Structure formats: structure tokens, C-alpha cells
Amino acid sequence: MGDETGIRQLLLLHGLGATGEVWLPWAPLLERRWAGRWLAPDLAGHGWSPPLPAYTFAALARRVVEGLGPVADRLGPRDRLVVLGHSLGGVVALALAARHLGLPVDAVVGLGVKAVWSPAELDKARELAERPVTWFASRDEAARRYLRVSGLAGLFAPDHPVVDAGLRREDGR
């Protein structure tokens, strides 16, 4: 299992509306600078991850732990798990660090995190989660909406390959 310093694991959690693929541009930097393993899963209801019956920060965190499966089981007492989350992913990272789910989180880094949510904001988020899928006539229109909703506008161009992870084509829509 790891040496005396343990294995360093980095868990990258994306924001609302994005997918784990938004972290791919970080891969070259991580390969040079992170002396350990890293994983960037899709949060529940994002990308290829199945939806949840009801969305709460705790439910999203629970799904992350379930998805880690063998990775979480292999973490030893000297291993270090660092969770880096953007926006919603940062809030889920904090839920993981609370240790209610048994994941030994050593540190959390949050980028663009909204830590305090009013009841009205939580209701609005719940409404958004329950809405049917929005279809667009063109890829460009869908890509621009995806970038705006995911908080990635200005970070990626609509034609960047990372954007494809947030889009689905079905019946020409």
C-alpha cells in the first residue's frame, strides 16, 4: 500500500452543469507537479453519471464515495486524499471532508465556491435539477449555453473539445 509517506490521491470535482472532462487541460500540469494519482469523475446527473432521485449536497457526496469504490477502499492511514472542487464540486468536497461518509479527506481546495445557500437559492437549484433537458438547434448554441451554465464561459471557446463532454446529440438536436 503506500510507503511511509503514503499515496497521494487528488480528487477533482467539477461545477454544476460541467463534467469531469473540464479537468483534462490540467493533465499536463498534474503529470508534472502532482506526485500521485488523480481522478476526475462526473458528479451525479452530469456527463455519463446517472441522475439521483433527489439532489442534496450529501447525496452528491455519497454518490462520489460510491463511485470511488475500490479507490476509497485502498486508502490507508498514511495515504493523503486531497479534494479540489470548482463551484458545486467545492461544496461536495466540503461534504466529503465532513467525514460522515468515511472518506479520509486530508485537505480541500475550493474554487469559486458558494458555501452559504439561502432556502430560496436551494429551491431554485432544485427546480433547475427537475427541469427537462433543453435541446438546441445548433451545436454552437448548445455550447454557448453549456459554457454559461457551467461557469466555464471565458475559460474555453465553444469549439474546444472539452465542451463536447457537456453536450449530447440526439435526433439532430
Side-chain angles (χ1 to χ4, degrees), residues 9-26 38-73 75 81-136 139 141-156 158 162-171 173:
Q9 305 269 354
L10 178 61
L11 180 60
L12 301 161
L13 300 177
H14 61 81
L16 180 69
T19 69
E21 289 192 31
V22 300
W23 300 106
L24 286 178
W26 288 50
W38 57 276
L39 178 66
D42 291 338
L43 292 176
H46 293 75
W48 297 105
S49 182
L52 290 169
Y55 287 89
T56 65
F57 300 132
L60 287 162
R62 202 168 22 261
R63 177 68 68 81
V64 168
V65 171
E66 291 167 3
L68 291 176
V71 172
D73 295 342
L75 290 173
L81 176 62
V82 175
V83 185
L84 171 58
H86 170 246
S87 190
L88 172 63
V91 178
V92 174
L94 290 171
L96 291 169
R99 299 187 189 246
H100 299 298
L101 299 171
L103 196 63
V105 175
D106 193 54
V108 169
V109 178
L111 305 170
V113 173
K114 180 176 177 63
V116 178
W117 293 66
S118 71
E121 290 169 324
L122 289 170
D123 287 342
K124 179 146 177 91
R126 194 172 299 108
E127 285 176 28
L128 282 171
E130 292 171 354
R131 282 186 189 169
V133 172
T134 302
W135 294 101
F136 298 91
R139 185 204 176 281
E141 185 182 355
R144 291 183 188 286
R145 171 63 185 241
Y146 166 70
L147 289 169
R148 190 174 66 249
V149 170
S150 66
L152 299 171
L155 298 175
F156 295 104
V162 163
V163 175
D164 291 334
L167 306 178
R168 297 290 173 264
R169 182 177 299 274
E170 189 174 303
D171 298 328
R173 304 180 292 169

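Note that the numbering runs from 1 along the sequence shown for the chain. Because the structure is a prediction, the values reported are computed rather than measured.
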So which atom in [X] and which in [Y] form the shortest heavy-atom distance, rounded to 0.1 Å?
{"X": "Gly17", "Y": "Tyr146", "result": "O-CE1, 2.7 Å"}
{"X": "Ser49", "Y": "Ala44", "result": "OG-CA, 3.4 Å"}
{"X": "Ser87", "Y": "Val113", "result": "O-CG2, 3.9 Å"}
{"X": "Ala143", "Y": "Pro158", "result": "CB-O, 3.6 Å"}

Taking the side chain as C-beta and beyond, is there a heavy-atom pair between [X] and [Y] under 4.5 Å?
{"X": "Val83", "Y": "Leu103", "answer": "no"}
{"X": "Pro41", "Y": "Leu11", "answer": "yes"}
{"X": "Glu21", "Y": "Asp164", "answer": "no"}
{"X": "Leu60", "Y": "Leu88", "answer": "yes"}
{"X": "Leu101", "Y": "Val64", "answer": "no"}
{"X": "Arg144", "Y": "Phe136", "answer": "no"}
{"X": "Leu84", "Y": "Trp26", "answer": "yes"}

For the atom pair [atom1] ([X]) and [atom2] ([Y]), what is the distance rounded to the nearest 0.5 Å?
{"X": "Leu122", "Y": "Glu127", "atom1": "CG", "atom2": "CD", "result": "11.5 Å"}
{"X": "Leu24", "Y": "Thr19", "atom1": "CG", "atom2": "OG1", "result": "8.0 Å"}
{"X": "Leu12", "Y": "Leu39", "atom1": "CG", "atom2": "CG", "result": "8.0 Å"}
{"X": "Glu141", "Y": "Trp135", "atom1": "CD", "atom2": "CH2", "result": "13.0 Å"}
{"X": "Leu68", "Y": "Gln9", "atom1": "CG", "atom2": "CD", "result": "9.0 Å"}

Give me each pair satisfying salt bridge (charged side-chain N to carboxylate O under 4.0 Å, His left out) with a member in residues 106-118, each pair once, sequence neighbours excluded. Arg80-Asp106, Lys114-Glu121
Considering only residues two or more places apart or on different chains, which pairs with a residue in residues 40-61 satisfy ring-ring contact (aromatic ring centres under 6.0 Å, His included)?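 Residue pairs passing ring-ring contact (aromatic ring centres under 6.0 Å, His included), neighbours aside: His14-His46, Phe57-Trp117.
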With side chain to side chain contact (heavy atoms under 4.5 Å, CB included) as the test, pick out the partner of Leu13 among Asp42, Leu96, Val108.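 For Leu13, the side chain to side chain contact (heavy atoms under 4.5 Å, CB included) test succeeds with only one of Asp42, Leu96, Val108, which is Leu96.
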Where the side chain of Arg63 meets the backbone of Gly45, is there a donor-acceptor pair that is under 3.5 Å apart? no
